[in-house]
Amino acid sequence: MNWMRSLRDGVRALRNKQDRNAEIEEELAFFVQESVNDKVHRGMSRQDALRAARVEVGSTNTVEHRVWNEGWEARAERLWSDLRYTLRRLKRMPGLVAVIVISLGLGIAANATIFSIVSKFLLQGVGVGDPATLTTIYRTYEHGQCCNNLPEPVYRDIREESQSFSGVSAYYELVPASISNGAEPKREWGQAVTSNYFDVAQLKMTLGRGFSAEEEKAPVIVLGYRLWQQRYDGDRSIIGKPVDVSGHVYTVVGVAPKGFRGLDQILDPQFWVPLGDLSELTAGAPNPESRSTQWLRAAARLKPGVTSAQAEQELNVIAERLAKTHPATDKGNGFHLEAAGMPPARDKRSLELFLLAVSVVALLVLCIACANVANLLLTQAVQRQREMAVRLSLGATRPQLLRQLLLESVVLSIGSGVVGVLLSLWATYALSSFRLPVPVAMDLSVHVDGHVLAYAFALSVLAGIVCGAFPAWTASHPRIPNALKGEEAFARPGRRWALRDLLVVVQVTLSLVLLCAAGLFLRSLQSAAAMDVGFRSRGVLMMAIDPQLHRYTPERSIGMLHMVRERMSALPGVLSATVTDGVPLSMGHRSDGFEVPGRPKPQGENVVELYMAGPEYFETLGIPRIAGRELGNENPASPKVGVVNEEFVRRFFAGDNPIGHTVNGAGVPYQIVGVVKNTKSRTLGEAQRPVLYRSIDQNLGSDPSGDGYTVMVRYQGDAATLAKAMEHEIHAVDPALAIFNTTTMEEHMHEALFLPRLVSTLFTIFGLAGVLLSLVGLYGVMSYSVSQRTREIGVRMAMGAQASQVQTMVVRGGLRLIAVAFLVGVPLALAAARLAGNLLYGITPWDAKTFLTVPLLLLTIALFACWIPARRASRVDPMKTLRME
Amino acid sequence: MRDDPTELVQGTLEMLVLKTLTLMPMHGYGIATRIEQISDGAFRVNPGSLLPALSRMERAGHVKGDWKATENNRRGRYYTITEKGRKALKNETATWDRQTAAIYKILEA
């Protein structure tokens, strides 16, 4: 290979530079010798011939230099010597280097951290073999994307009829199970999968194997890597051993590869069992023969040479056929393929938009940092004008100087990149601690991976060039006569706006926008936290159990829950206790469409939130009762009763008294016996939803919960001690019960504030970083201008100007910049606030408090940054400066 | 003619060197003399451009240089054209022919 030879020769030349030079020298000497011999041969005297040959050849040094310069190694050597010079120079100004590296480091860290989210959700893909040919099948309805999941018969039809795939597998996304490793049982989340799942995913198992074709219904299990490490200490001999899965004996056949968490990005399943056995594991397993229950996710492996578009076409031909054979359920259906591991198109778009917006904000922070660094480098350039002028006069070319200066800023920015990556290592760690308030296993952790490193590196180099380009150009173009005399070589007389001023205006403007956003989001967080959710969150402790995982019949479950509740009530410090099937503010629980026979259609949507409640439910959560009675231990055999909230009454009864009426939810009648005040159901920001509370005893058998049942107590005293005591009571009823999701309502509310907290944290950090950076910039520009004007100030003071007059003059100069920045920044911030409008809780985008406080605050700090140099200016001793003239 | 040697046309040096080397392996001075002789002294190649060109061509793999002892017991670097060099020569000659033909046409017109 050509370049390989070139590389080898070049490296050899670099390593033995003397040898290479000697070689060139010898060849040249030989050339001269031959020339002389030739001339002598033709009749010249040896002396004349020697002289003539020397004239022909010219300077041997030049020739040797030109030969040496032919190879790439010469360029590499020059770069290396430039680099060494740069490092030596930078070592002499540690303060400047520190400021630059920290400024840019902050900016790069902000971007790298945001990019780690992009990488995780949009770039990483899932850890499967050959991810390019693995696709997820989504259902469409009337050509619009509708569902992530398929009914099982539809999956079977696709598997049998399609020719485009080498394998089609299906899985049930999350199945809870109580897994015992011989000691305490623990509730874990896993997936139920078809037996070809691991073959289709082409996973390299850590231990053992996936499922074989005959194991569609066999009691075998594949453990997740983390579960295997945590619960079984990474026991390598676990293959073939039995484990207790919700009271059934399963045999371990394999351990999934490290980091494998199924084919979705955010779920965190830790075991896999065959799909055929699902009904054994969970009470509420969907009906595998129903063509309308959508519950399976399908992942399909494309055959070699088949494109995703071709496969989609074939699937839609199948869909047309299915629409004819099953018109009742399959009419209008189609299919759509997405790369496996990507969020479905709809979610992807909003995720992309959100990440794009945050990335833009992070880039703004970097811009502020870049402006700062450019400013510092400009000041540097001014100080180096003499050096540059001397070097130019001595014959250095401008491109040479430019290269050297750019190298300097790129070295600085790569150093900042390193700092940035270190900072973002910490930031991603902090970010990973954010949790969603949902009861299922999710993995939202983000990490600095290869993509992030590459992005940070590219960004650092780019930032270095951007900040360095103008200062380098300026520095390499001094006005030589002025510079050599030691005068200001860049000042162009009569120019009112220097680039430096412009940079500061940009900085202050951007940080004003960021800080306003931070202020808005903080206010929004404050108002969200103070929002009346309708129930008291203080002093409520809860923990969950799932009797179905332990093969309880409904009757036994009801009896057990009664016993647990009574034991809880008897504990010291417990004021009231209840049981329910779901905790409010968990981003969505169960809901059904409702109708009231004999009354007009509801105003608005007919979807009603459903919660099961035991005795003392409203007392425990502190929800005031308005009319009727509360729920108690209802008789499972009597007609079902329900308590509704005010919103339900408003929507379905137009405010009339609903007590005694019967309402229908998905065909199930409930007789209304009471009305309570409104509470928030899914999220803090939602508009009020109608809620129906139904008796746990009457519904546990007919409509069991998939997430287990939560015991809630209102207590006084220490939560940790009480939690211990409560666990003890539960295990006194049944020691095999796995307890999970133990938390106080306050902690749960904290998680429910996930979005406002995340956004306000991000913006506060970005905003503060931006302000800090731009204040440094403002201070730098002001003190530079003061140092440039020392003479002028001295003269003014000699002529009788007072210190206060001088201070006013300097501060006014700074104020001019701040005023321009505010004139541009406030409208910009208002426009940005409008965009962020639907992320705000309880406040308007033009929140007066924010838009008065933030600019005032910024103005005060900015004036302070101007005042310090101003004070220094007013201390100028006129005698000294005049003597210097 | 001999008193008034011209500089080589830009970019033709490598082609001329390759052509010269197709006859036999030669050292630097030999190449320079050969070019001068064949062009009747019209082109003179000085070592300031010849040696860098040889170094460049060696890197590109068009020629191969070896140290050999000469008759009067000195070491000289002899260059041989490689297969790749022959191909390059063919290409360059073809390009050159096209260009001169075009230039000639323009001048004739």
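In what follows, chains are A, B, ... by sequence order, proteins preceding strands, each numbered from 1.
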Taking side chain as everything from C-beta outward and backbone as N, CA, C, O, which of these in [X] sits under 4.5 Å from a heavy atom of chain B? Side chain, backbone, both or neither.
{"X": "A:Glu23", "value": "both"}
{"X": "A:Ser35", "value": "both"}
{"X": "A:Ile24", "value": "neither"}

Contacts of type ring-ring contact (aromatic ring centres under 6.0 Å, His included), residue A:Trp473, not counting sequence neighbours: A:His477
Partners passing ring-ring contact (aromatic ring centres under 6.0 Å, His included) against B:Tyr29 (at least two apart in sequence or in another chain): A:Phe31
Top contributor to chain A interface from B:Ser55, B:Pro47, B:Gly28 [non-hydrogen pairs under 4.5 Å]: B:Pro47
Max heavy-atom pair count under 4.5 Å with chain A, selected residue of B:Pro52, B:Ala32, B:Gly30: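 Looking at each of B:Pro52, B:Ala32, B:Gly30 in turn, B:Pro52 comes out on top.
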Atom of A:Phe30, atom of B:Arg75 and distance for their closest heavy-atom approach: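 Scanning both residues completely, I find the closest heavy atoms to be CD1-O, 3.5 Å.
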Nearest atoms (heavy-atom pairs only) where A:Glu27 meets B:Trp67: N-CH2, 3.9 Å
A:Arg78, CZ: over 12 other non-hydrogen atoms inside 6.0 angstrom: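 Yes.
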